[in-house]
Amino acid sequence: MRQENTHVTENNLDDLDPRKFIIIKRARVNNLKNLSVAIPRNKLVVVTGLSGSGKSSLAFDTLFAEGQRMYVESLSSYARQFLGRMEKPEVDYIRGVSPAIAIEQKVNTRNPRSTVGTTTEIYDYLKLLFARIGITYSPLSGNVVSRDSVSDVVDQINAIGPGTRIMVSCPLKKFKQRSMKKEMELLMQKGFVRVLVDGEAMFIEDLLEDGLTGEHEFQILIDRLSVEPEDEDAQYRLADSIQTAFFEGLGECYIHVDGGKTHYFSDRFELDGLTFEEPSVNFFSFNNPYGACRTCEGFGKILGIDEDLVIPDKSLSVFEGAIAPWRSETMKKWLEPLLRDGIRFDFPIHRAVKDLSPEEIQLLWTGNEYFKGLNKFFKHLESKTHKIQYRVMLSRYRGRTTCPDCRGTRIRKDASYVKIGGKSITDLVLLPVTSLIRFFGDLELPEYDFKVAERLLREINYRLEYLDKVGLGYITLNRMTSTLSGGEFQRIKLATSLGSALVGSMYILDEPSIGLHPRDTTKLVEVLKSLRDLGNTVIVVEHEEEVMKQADQLIDIGPDAGIHGGELVFQGTIDDLQHVHTHTADFLLGREVVPVPEKRRKWKDAVEIFGARENNLKEIDVKFPLGVLTVVTGVSGSGKSTLVKKILYPAIGKYLGTVAEATGKFSGMEGDYKKVTQVEFVDQNPIGKSSRSNPVTYVKAYDGIRQLYAEQPLSKQRGYKPAHFSFNVDGGRCETCQGEGVVKIEMQFMADVYLTCESCKGKRFKNEVLEVQYNGKNISDVLDMTVEESLEFFHDKAPIYNRLQPLFEVGLGYIGLGQSSNSLSGGEAQRVKLAFYLGKNTRDSKDHILFIFDEPTTGLHFHDIAKLLHAINALIDQGNSVLIIEHNMEVIKCADWVIDLGPEGGDAGGFVQYSGTPEDMISINDSHTALYLKDKLS
């Protein structure tokens, strides 16, 4: 074992203090080769090494698995009944383990109700805040809505002055099925003696004797007394009378001051003739029927008239026919009054719609006394839907639009009447995080409200600050998590964990720098350090140079990947690397580099997108070259994913008829897009929805392997067909685990636990099927092989070898053929997809495929990036085009063409900063990417 550089040796591990070190002795999980290491506690430790060298095996499968097992051990007897079957990591011992929190690479949620606010828990605190100290304002008058309590009424009466005579009364609420005589008799039975008839006190007995005639205003006279603020008994009597008045008057009470005016009080929450809901937590919850918007049912979108379908080309003026439904001869009559009388109200009919002010655009919809607007036009169409031509016309302009009542926030409309500091919860969730931080920083509250909200505000500020620190200051709390990029979602989970501010824990993070521009990596390191300074051990599996340089200690696993890895090749500080020769050391010290291409490819064909304006894109025109390697870059939130995933990909996909998802807002597409015969978006989603999906089936190599085993003499003798060697259909697979090798145990209190199947011992197949062997290996042994081992085993079987070879070429020689797709990281899943396309080899076909990759360097060590670029260039050499969304400078410097968006994220982004070759890019000054690229090309 190569441990010359470690601070401790295996021999003195037993002498170390577990209160100062996390001690792992002889770990053998996956490819780890009896690895022993002592990790200092309360430090920032980076675990690095080639992809597949054993980093995750050490950090997650050993350290975190043991931390989780120890946690379950402390739970109830129900939980512990599974503990005997939860496998301990293969290790002699682990000491000094703290409670473990893992933030892994996981594909983000597709739940349509999940937002940034709910994921980070900030929205939960906001709901509490508004329920506790929110002030309701009437939308009619803008006055504060409040209810009068008994103590409020007592305080006002005491202010009138001692000795003043008053009467306490309430309106007589007549029950509709009872006569007034009956009501009076009931009042006497309740103990009341007098009523006020048109303001004059009268005995009920007298009224009953005289008979009740005519229309009168009746009030129940509850009490007559003097104001005595110092007399305790008088105060009790007054409060009791007011309470009775509220009860009998169904929330209304009158105080008649002797010789003065009458005061009205109500304990109902109402104003301006409107009754309001009192703020509560559920009132602000869109996941609850009580709080969800009535119009969109808590989804934020409705099927309404889509403005972009009504006015598809905003470069046209109203005169030139910008309003699509008013172009026909039949419907032109709706447009003519606007063209004729527009001059009367100063409407610019010759100005392009995109240059109109928001008020002028609004006027097109609402209309005025001179012309009927679009809203009335569509109402007219809806009134004629009994005719098919009107139904067809309406359907042409319908689309999923933002709900007008809740502005897409999903919360009921009247929740926006409740405000704090002049802002409603609806306003706040639509603000970017940086603006929210300013709002809460400037918020001034009355002393009582501040005491109530102090803890809530502290939690909100913590989480907002961490979101900003991890480079997400541009997103809003209302943003759906399903629209986030993989990197954004990772950092949201990180910020959520950081916001809880635990102490004495062990945080294990899997590449938190994914999707982060080098400019923002420094902020991320500061966040990790602050987590460490709270008193936590922070262990980060990472390849990012900046994170490694800032670590307290570096642990390098290697020397290579798969069966050639699993050893501790270095442990120490960044300064100690000078004297060692590992792949990590060679790259960090510049001894090994990813070569820059000798020449850039030239291009003549391109796809051009015009007027892209989805999310934060600012009406930009972008040209995407074909036949070359193009990289789209820019700081986090600058609009890269929106431009490529929301506009370019669905636009070409819809032309080809292969993509059904909604396209973002843009004016048009021109150029050579008809030369593209296929568009493939190679993302980081799992390679299959089934837990039985794995690399060997995805690249279509397993068909050949099953056929090979079906051709063996024993198989022919027993009549086994290729299906007997499949774990996806009945026949040869183990029926207990359905060919998965593991059985899922659903845990009600934590993540599901997967345990090895007791019937097949994890081999997936029946014993009789396992008796069939090829070169001394049965089908289960083959699935347990790594890609590298399988290439040697099947070296003389060309159909199988040629399918598996691309997996090795993209740097996945270390993964198991039968490894479940659930266990692959996002980056690994993406590279399995790349291998599948490489294996197809389109060199001799007439297809021109546009491949779009979303950060393919995720999970890749510097050493493996060269392999990835070689594989990607092979796709281009086969006659295809490749477009990559990327932050990694090693990839950007090797591109033929760079499109840089910026200058910042969020509202300050969405512009094209640069478009051209990497060499020309380093000369520009207003690009963050150019600044970092300069170091790589100089």
Side-chain angles (χ1 to χ4, degrees), residues 13 16-25 27 29 35 37-47 55-106 119-121 124 458-459 462-463 466 470 490-512 527-542 551-553 555 745 747-755:
L13 281 177
L16 294 174
D17 185 353
R19 288 173 298 184
K20 296 181 179 175
F21 292 91
I22 298 166
I23 303 158
I24 301 172
K25 187 169 183 180
V29 177
L35 188 147
V37 64
I39 301 171
R41 290 169 69 93
N42 300 343
K43 300 288 184 189
L44 173 57
V45 179
V46 170
V47 182
K55 305 182 300 299
S56 295
S57 297
L58 175 65
F60 291 97
D61 301 337
T62 305
L63 257 182
F64 177 65
E66 179 66 6
Q68 188 184 37
R69 195 191 66 81
M70 289 172 70
Y71 164 69
V72 173
E73 206 166 41
S74 69
L75 293 176
S76 66
S77 55
Y78 169 77
R80 288 201 303 275
Q81 66 180 303
F82 302 106
L83 188 61
R85 296 173 65 191
M86 270 185 78
E87 295 174 12
K88 291 185 74 168
E90 284 190 67
V91 59
D92 283 5
Y93 67 71
I94 302 177
R95 291 182 186 154
V97 175
S98 308
I101 296 152
I103 303 175
E104 297 183 80
Q105 293 177 27
K106 284 280 188 278
T119 307
T120 56
E121 298 169 3
D124 296 321
R458 190 160 68 239
E459 293 292 344
Y462 266 147
R463 284 163 169 75
Y466 280 125
V470 296
Q490 291 293 320
R491 295 196 300 286
I492 276 177
K493 289 203 294 184
L494 173 60
T496 305
S497 294
L498 296 173
S500 60
L502 294 176
V503 175
S505 301
M506 177 172 68
Y507 281 87
I508 303 175
L509 295 98
D510 194 4
E511 294 196 77
V527 169
L528 297 175
K529 285 182 175 178
S530 67
L531 195 57
R532 172 202 66 189
D533 295 340
L534 283 170
N536 297 297
T537 306
V538 183
I539 299 168
V540 186
V541 176
E542 188 57 272
D552 297 321
Q553 197 165 76
I555 293 175
I745 304 292
M747 308 288 264
Q748 294 177 352
F749 45 83
M750 59 184 292
D752 295 336
V753 173
Y754 291 87
L755 304 171

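Just so it is clear, the values below take in all heavy atoms, side chains as well, and ignore hydrogens, waters and symmetry mates. What you see is a predicted model, and the numbers here were worked out from it, not measured in a lab.
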*Crowded around Lys43 NZ? As in, over 12 foreign heavy atoms under 6.0 Å?*
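Open: at most 12 neighbouring heavy atoms sit under 6.0 Å from NZ of Lys43.
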_Do Arg532 and Thr537 have side chains that approach each other closer than 4.5 Å (heavy atoms only, starting at C-beta)?_
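Side chain of Arg532 against side chain of Thr537, heavy atoms only: no contact under 4.5 Å found.
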*Going by heavy atoms in the side chains, are Val91 and Val29 under 4.5 Å from each other?*
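The answer is no, as the side chains (C-beta and beyond) never meet within the 4.5 Å cut-off.
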For a quick test of reading the model, state the closest non-hydrogen atom pair linking [X] to [Y] and the distance between them.
{"X": "Met506", "Y": "Val97", "answer": "CE-CG1, 3.8 Å"}
{"X": "Ala100", "Y": "Gly67", "answer": "CB-CA, 4.3 Å"}
{"X": "Pro512", "Y": "Arg491", "answer": "O-CG, 3.7 Å"}
{"X": "Thr62", "Y": "Ser57", "answer": "OG1-O, 2.7 Å"}

*asked:* Has Arg41 got a side-chain atom pairing as donor or acceptor with Arg19's backbone, closer than 3.5 angstrom?
replied: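 Yes, the answer is positive, given that a donor and an acceptor are paired below the 3.5 Å cut-off.
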*Distance-only, no hydrogens or angles: does the Asn536 side chain make a donor-acceptor pair with backbone N or O of Gly504 under 3.5 Å?*
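At least one qualifying donor-acceptor pair exists.
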Quick check for you: to the nearest 0.5 Å, what is the distance between [X] atom [atom1] and [Y] atom [atom2]?
{"X": "Ile24", "Y": "Leu35", "atom1": "CD1", "atom2": "CG", "value": "7.5 Å"}
{"X": "Ile23", "Y": "Ile94", "atom1": "CD1", "atom2": "CD1", "value": "11.0 Å"}
{"X": "Ile39", "Y": "Ile555", "atom1": "CD1", "atom2": "CD1", "value": "4.5 Å"}
{"X": "Ile508", "Y": "Ile101", "atom1": "CD1", "atom2": "CD1", "value": "9.5 Å"}
{"X": "Thr119", "Y": "Ile492", "atom1": "OG1", "atom2": "CD1", "value": "6.0 Å"}
{"X": "Leu44", "Y": "Glu542", "atom1": "CG", "atom2": "CD", "value": "10.0 Å"}

*Member of Val470, Leu509, Asp533 meeting the side chain to side chain contact (heavy atoms under 4.5 Å, CB included) criterion with Leu528*: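 Going through Val470, Leu509, Asp533 one by one, the side chain to side chain contact (heavy atoms under 4.5 Å, CB included) with Leu528 is satisfied by Leu509 alone.
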*Test applied, side chain to side chain contact (heavy atoms under 4.5 Å, CB included); reference residue, Lys55; option that passes from Val47, Asp510, Val46*: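 Single pass found, and it is Val47.
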*Parallel, tilted or perpendicular: which fits the ring planes of Tyr462 and Tyr466, with parallel below 30° and perpendicular above 60°?*
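The arrangement is parallel - the two ring planes meet at less than 30°.
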*Can Ile539 and Phe64 be said to form a side-chain contact (heavy atoms from CB on, under 4.5 Å), step by step?*
CA-CA 10 Å; Ile539 299 168; Phe64 177 65; over 6 Å; no
*Before giving the answer on side chain to side chain donor-acceptor pair (under 3.5 Å), spell out for Thr496 and Arg463 the whole-Å C-alpha distance, their side-chain angles and the decisive distance to 0.1 Å.*
CA-CA 7 Å; Thr496 305; Arg463 284 163 169 75; over 6 Å; no
Counterpart residues, side chain to side chain donor-acceptor pair (under 3.5 Å), relative to [X] (two or more places apart):
{"X": "Ser505", "answer": "none"}
{"X": "Lys20", "answer": "none"}
{"X": "Asp124", "answer": "none"}

